[in-house]
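To start, the structure under review is shown below, and the notes come after it.
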There are 2 protein chains.
Amino acid sequence: MSSGAAIGTKGVPRAEREEQIVAEAIAEFAESGYAGASMVEIARRAGISKPLIYQYFGSKDGLFLACLHQVSGGLLARLEDAELEVDDSVASRIYPLRAIFEALDPQPHAWRLLFDPSMPASGEIAVAAREYRTRTTELAASGSTRFLAARGITSPADASALSAVWMGVVDSIVEWWLAHPEESADQMTERCYRLLGAITG
Amino acid sequence: MSSGAAIGTKGVPRAEREEQIVAEAIAEFAESGYAGASMVEIARRAGISKPLIYQYFGSKDGLFLACLHQVSGGLLARLEDAELEVDDSVASRIYPLRAIFEALDPQPHAWRLLFDPSMPASGEIAVAAREYRTRTTELAASGSTRFLAARGITSPADASALSAVWMGVVDSIVEWWLAHPEESADQMTERCYRLLGAITG
DNA sequence: CCGGGAACTTACCCTGGGGTCACTTACCCT
DNA sequence: AGGGTAAGTGACCCCAGGGTAAGTTCCCGG
């Protein structure tokens, strides 16, 4: 048989294979969460067998970590840039939103990896995730504190709550995007601009 | 030994035991999600052994279903009442928030059961969860449509997105509450009132 | 006093999924 | 041509966790 899965090498170099495995793994992790994702299912998606993944990534944790770094790297960098453009107005919140939509454009569902609740609570993954989450949270928090201070509210608890809410807004709008894949990143940005306007009226 | 787990009945009537099991199960499901929750761990929390749970609830699905009904029943009823008081203003959104805080007061983390992503996607659980989610979503959606219409926006997609965002806001503020358990339901309501005021300026 | 049922447990089965071993095939370099 | 190495696989081990069978203790009604 010339077609179908055969034994022996298929001539795909390691770097290329790794890239492909990570892409499929991101999709599977996003759909099923860390706990629910199955290594053999990821292998099936990539058209290879399980041991090859273990040879390249060592463990499920190793694979997830690779996915996490790929997803978070670009996203966080863009976000930190965008946050510099935010001022005291609600409307200026559009900048970080646009940054997120553009960074996520190739694989919007990658977003879910960052806040996967079924991720292990200790170990290398937890450390890396905590690092990324801390950076994200601090961005939201500093913005919220400034926003409230400009309106005469200085309670740290209020700032903390508003920061949490803002992150919830971002999360839910990205989830909405996942449910409406026909929408482009630009369209999402416009839509959010319109909604922000309506709310601040 | 007079103390410790012994064989044979302990004289606790079925109704009482079931109530206690459901309470512990809600806590475990909320902490670990459906997929991550362990039946033997729930049994350990309740101070009994696993087969008793199976005798009373039949399966993990059956137990989760019982928890879901208990959580959603009261919550949805209150929410539907509160939605009647909402008008076109942002500020009136405080009513459903208050209803949620009050309904959740005894076990705030119960909130997580409703939107647990690791819940099975088919079967009786999926049907029940979909029913509850649909009712919740429709409440949010009708409010959003009205809100936008009052501001001259009639796009159904905008209404759908705003509805998703509003649900995200609710979810994140409840999660913030879970992280700050010293807060009472009344304090949460006041805090939200203040924040809504700041945003609408 | 005694039988039956409700309340409980110990010990077990079995599947699914993470992880490993030994082996095979193709390519490249001398 | 031939050997070394990278790419790739089928078959296996092992354990956690859902689910079950069979037995034990207590209480209550006749």
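Every chain is numbered from 1 and lettered A, B, ... according to where its sequence line falls, protein lines coming before strand lines.
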- Message: Check the orientation of B:F29 and B:Y34. Use parallel for under 30°, tilted for 30 to 60°, and perpendicular for over 60°.
- Response: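 B:F29 and B:Y34: parallel rings.
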
- If the plane angle is over 60° it's perpendicular, under 30° parallel, otherwise tilted; pick one for A:F115 and A:W111.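 The arrangement is tilted - the two ring planes meet at 30° to 60°.
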
- Query: Are more than 12 heavy atoms from other residues, nucleotides or ligands located less than 6.0 Å from atom CD of B:E19?
  - Reply: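 12 or below, so no.
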
Starting from [atom2] on [N], measure out to [atom1] on [X] and report it in whole angstrom.
| X | N | atom1 | atom2 | answer |
| --- | --- | --- | --- | --- |
| B:L52 | C:dT10 | CG | P | 12 Å |
| A:I53 | D:dT9 | CD1 | C1' | 13 Å |
| A:Y54 | D:dA6 | OH | C1' | 21 Å |
| B:E28 | D:dG17 | CD | P | 10 Å |
| B:Q20 | C:dA7 | CD | C1' | 13 Å |
| A:I42 | C:dG18 | CD1 | C1' | 12 Å |
| B:M39 | C:dC12 | CE | P | 21 Å |
| A:F64 | C:dG18 | CZ | P | 13 Å |

- Item | Most 5' of A:R14 and B:V40 on DNA chain D, judged by nearest nucleotide |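 Upstream on the strand: A:R14.
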
Closest nucleotide among [options] to the [X] side chain:
| X | options | answer |
| --- | --- | --- |
| B:P51 | C:dT9, C:dG18, C:dC21 | C:dT9 |
| B:I7 | D:dT24, D:dG18, C:dG19 | D:dT24 |
| A:R17 | C:dT9, D:dG8, D:dG19 | D:dG8 |
| A:T9 | D:dG18, D:dG8, C:dA11 | D:dG8 |
| B:K10 | C:dT24, D:dT20, C:dC8 | C:dC8 |
| B:Q55 | C:dC8, D:dG18, C:dG18 | C:dC8 |
| B:S59 | C:dG18, C:dA11, D:dG19 | D:dG19 |

- Item | Residues B:E24, B:R44: salt bridge by 4.0 Å N-O rule |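 Salt bridge: no.
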
- May I ask you to verify whether the side chain of B:K50 and the base of D:dG19 hold a donor-acceptor pair under 3.5 Å?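 For B:K50, whose side chain was compared with the base of D:dG19, there is a donor-acceptor pair (under 3.5 Å).
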
- Item | For A:R112, the option from A:E28, A:E31, A:E175 that meets salt bridge (Lys or Arg N to Asp or Glu O under 4.0 Å) |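 Answer after filtering A:E28, A:E31, A:E175: A:E175.
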
- Should B:Y56 be listed as having a side-chain N or O under 4.0 Å from OP1 or OP2 of C:dA6?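 Negative; the distance criterion is not met.
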
Remember a base hit wins even if backbone is also touched, and classify [X] as base, sugar-phosphate or nothing at under 4.0 Å, heavy atoms.
| X | answer |
| --- | --- |
| B:S38 | sugar-phosphate |
| A:F57 | nothing |
| B:A37 | sugar-phosphate |

- Task: Go through the steps to decide whether B:S160 and A:W176 satisfy the test side-chain hydrogen bond (donor to acceptor under 3.5 Å, both in side chains), and finish with yes or no.
- Result: CA-CA 8 Å; B:S160 156; A:W176 187 88; 2.6 Å; yes

- Task: Could you please name the partner base of C:dC28, counting Watson-Crick and G-U wobble pairs only when both distances are under 3.5 Å?
- Result: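 C:dC28 is paired, partner D:dG3.
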
